[in-house]
Amino acid sequence: MNILQVSASDGGGGAHKIALALQMGLRERGHGSWMAVGRRTVENPNLYQIPSGIAPGPTRAVYEAAALALTPLVGRVRGARRARLALRSAHPLEYARARWSGREYFDYPGSRRILEIPPARPDVVHLHNLHTEYFDLRSLADLSSTVPVALTLHDEWTYTGHCAYGIECERWRVGCGACPDLTIYPSVRRDATHENWLAKRAIYEQSRLYVSAPSSWLLDRARESVLATAAADWRLIPNGVDLRVFRPAEKAHARELLGLPQQPLILLFAANRARANRFKDYATIAAATDLVAAGLRNRNLLLIALGGEGPPQFLANGELRAMPWEHEPARVAAFYQAADVYLHAANADTFPTTVLEALATGTPVVATAVGGIDEQVRSLAGAPGAWSGAAFDADVATGVLVPPHDAAGMAAATIALLANDALRAQLGANAVRDAATRFGLAGQLDATLAWYADITRDWRAWRATSS
């Protein structure tokens with residue numbers, strides 16, 4: 001098959017990594033596999049930058065100067081970056097006007113030519129995150145009538161009035177409007193969320209999409225949204241990680257490789273902009289670490305916030321250390337291999353790749369039961385601080401789930417694992433087996449290819465009856 005993945009970027013957070021892993025994995029299996037992105041960060045002959053809206057020349061120079069002049073009015077992002085985003089559009093001044101009014105802007109003509117980007121015509125176009133100002137959502141109707149279009153959801157933006165996650169807001173069910181927080185990413189300046197929601201609904205009513213999600217939590221919500229009018233099929237396909245990279249390794253060797261001390265107990269939390277990310281919950285992580293340090297005064301403790309920024313914070317017997325985001329997969333794996341427990345707290349999350357990476361390396365996970373996380377971690381029955389949901393015996397459990405925002409519960413569960421080497425080792429071994437069964441990239445590729453086969457068969461039958 002020939003498959004074109006479409007994503008906002010080829011690097012960065014989990015959604016981009018998943019799209020890139022699919023593109024590379026499909027090519028390894030002999031398929032024609034390419035990727036078109038709004039922002040290209042690496043050199044790869046199979047990755048293509050979606051062209052900007054205006055060709056270089058005098059017209060572009062005029063628009064660029066105008067866009068730069070208007071950037072103080074159209075958002076908090078630095079002017080140069082906002083100008084580059086504006087130049088993806090057909091009409092940068094209209095882009096600026098839309099930003100000022102709170103409307104989501106879709107006039108990105110480069111994305112309307114994605115079928116022309118790869119060297120061969122795709123049999124399937126597989127869309128991922130469509131926000132981040134690079135894709136014309138209005139093109140879905142024509143695109144989906146020309147070629148089968150798969151859409152994998154990584155967040156909730158497709159059916160909200162502006163945000164990637166409503167967090168505790170459910171207004172997307174009734175049309176948005178009266179938005180409680182316009183600053184949630186992707187932010188808007190004014191409350192045009194109802195108009196944005198209506199625009200998306202109108203687009204989906206004219207489109208035909210095959211929709212998947214990695215978690216039942218997200219898939220069920222999408223079924224209840226305006227996106228349902230476009231869905232010809234729903235498919236649950238859990239994300240996977242490359243088990244050749246994310247695998248158990250000697251803890252001492254991983255710490256030596258990363259220049260980490262050998263003696264402390266190490267807790268790990270990984271997220272892009274770990275301390276400042278609105279969708280993560282670093283405050284609960286930090287508070288829990290403080291409680292763990294107080295409960296284990298005879299041990300030194302190190303919390304690493306991988307992907308965080310800022311100076312270290314010191315406790316009586318511990319340190320909270322931010323470290324830059326890693327892009328090299330082997331070094332990312334080494335952080336999990338070096339850790340004793342992986343902590344994950346979130347305000348909103350679909351199916352975090354970091355949790356899968358921790359499980360695959362044999363690092364037990366203590367996480368808040370938010371979004372689809374309870375579909376990843378099998379929580380230990382009877383563990384201190386554990387949630388009231390599903391629980392598993394020690395020969396099956398892979399970590400402990402605690403209620404959202406429960407720092408005390410997270411600390412109690414973490415202390416219990418750190419104080420019992422045998423239990424921690426058992427949960428780690430369970431995690432490796434469970435990841436191999438449920439969360440390998442090979443399994444995700446198998447499921448995705450089976451989905452493509454179903455999609456193309458169904459789409460051809462639909463075209464035959466609709467023409």
Side-chain angles (χ1 to χ4, degrees), residues 12-14 167 183 185 251-252 254-327 331-349 352-355 357-358 361 363-368 370 373 384-385 399-419 424:
I167 303 182
T183 68
Y185 171 85
K251 193 181 302 295
R255 292 186 180 190
E256 182 180 1
L257 174 69
L258 298 171
L260 298 174
Q262 295 289 341
Q263 295 305 315
L265 295 167
I266 294 182
L267 306 177
L268 176 67
F269 171 53
N272 194 12
R273 297 172 55 248
R275 288 183 171 178
N277 191 321
R278 288 280 299 276
F279 303 132
K280 308 305 179 185
D281 183 11
Y282 181 75
T284 292
I285 296 284
T289 302
D290 197 9
L291 293 172
V292 172
L296 296 173
R297 292 188 180 278
N298 61 330
R299 298 294 304 272
N300 289 327
L301 188 71
L302 172 62
L303 169 71
I304 297 173
L306 182 61
E309 298 177 345
Q313 299 171 255
F314 295 99
L315 310 171
N317 58 325
E319 177 188 348
L320 283 65
R321 182 187 302 177
M323 300 189 71
W325 186 254
E326 282 284 353
H327 296 281
R331 284 185 62 83
V332 175
F335 275 97
Y336 296 103
Q337 294 158 351
D340 294 289
V341 175
Y342 178 71
L343 304 182
H344 194 90
N347 298 311
D349 236 328
T353 302
T354 54
V355 170
E357 292 170 344
T361 57
T363 303
V365 175
V366 178
T368 54
V370 172
I373 296 174
V400 182
L401 293 172
V402 303
H405 314 300
D406 187 355
M410 176 168 280
T414 303
I415 289 171
L417 296 187
L418 292 176
R424 195 167 68 251

Please lay out, stage by stage, how Lys280 and Asp349 fare under the test side-chain contact (heavy atoms from CB on, under 4.5 Å).
CA-CA 8 Å; Lys280 308 305 179 185; Asp349 236 328; 2.9 Å; yes
Before you tell me yes or no, could you show the steps for Phe335 and Ile266 under side-chain contact (heavy atoms from CB on, under 4.5 Å), namely the whole-Å CA-CA distance, both residues' side-chain angles and the distance that decides it to 0.1 Å?
CA-CA 10 Å; Phe335 275 97; Ile266 294 182; over 6 Å; no
Decide yes or no on side-chain contact (heavy atoms from CB on, under 4.5 Å) for Leu320 and Leu315, but give the supporting numbers first.
CA-CA 8 Å; Leu320 283 65; Leu315 310 171; 3.6 Å; yes
Should Leu343 and Thr284 be marked as a side-chain contact (heavy atoms from CB on, under 4.5 Å) after you check the CA-CA gap, both sets of side-chain angles, and the distance that decides it?
CA-CA 10 Å; Leu343 304 182; Thr284 292; over 6 Å; no
Identify each donor-acceptor pair in which a side-chain atom of residues 287-310 lies under 3.5 Å from a protein atom, sequence neighbours left out, and give them as a table.
| unit_1 | atom_1 | unit_2 | atom_2 | d |
| --- | --- | --- | --- | --- |
| Thr289 | OG1 | Ile285 | O | 2.8 |
| Arg297 | NE | Ala294 | O | 3.4 |

Identify all side-chain donor-acceptor contacts of residues 254-265 below 3.5 Å with residues at least two apart in sequence or on another chain.
| unit_1 | atom_1 | unit_2 | atom_2 | d |
| --- | --- | --- | --- | --- |
| Arg255 | NE | Ala338 | O | 2.9 |
| Arg255 | NH1 | Gln262 | O | 2.8 |
| Arg255 | NH1 | Pro264 | O | 2.9 |
| Arg255 | NH2 | Pro264 | O | 3.4 |
| Arg255 | NH2 | Ala338 | O | 3.1 |
| Arg255 | NH2 | Asp340 | OD2 | 2.9 |
| Gln262 | NE2 | Ala252 | O | 2.9 |

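Of the possible donor and acceptor atoms, none in the side chain of Thr368 sits under 3.5 Å from a partner among the backbone N and O of His405. The closest donor-acceptor contact from the side chain of Lys251 to the backbone of Ala339 lies under 3.5 Å. The closest donor-acceptor contact from the side chain of Tyr342 to the backbone of Ala270 lies under 3.5 Å.
Of the inter-residue distances, the one linking His344 atom NE2 with Met410 atom CE reads 8.5 Å to the nearest 0.5 angstrom.
Annotation: side chain of Asn277 is not in contact with side chain of Tyr282 (no heavy-atom distance under 4.5 Å).
For residues 313-324, the salt bridge (Lys or Arg N to Asp or Glu O under 4.0 Å) pairs, not counting sequence neighbours, are Glu319-Arg321.
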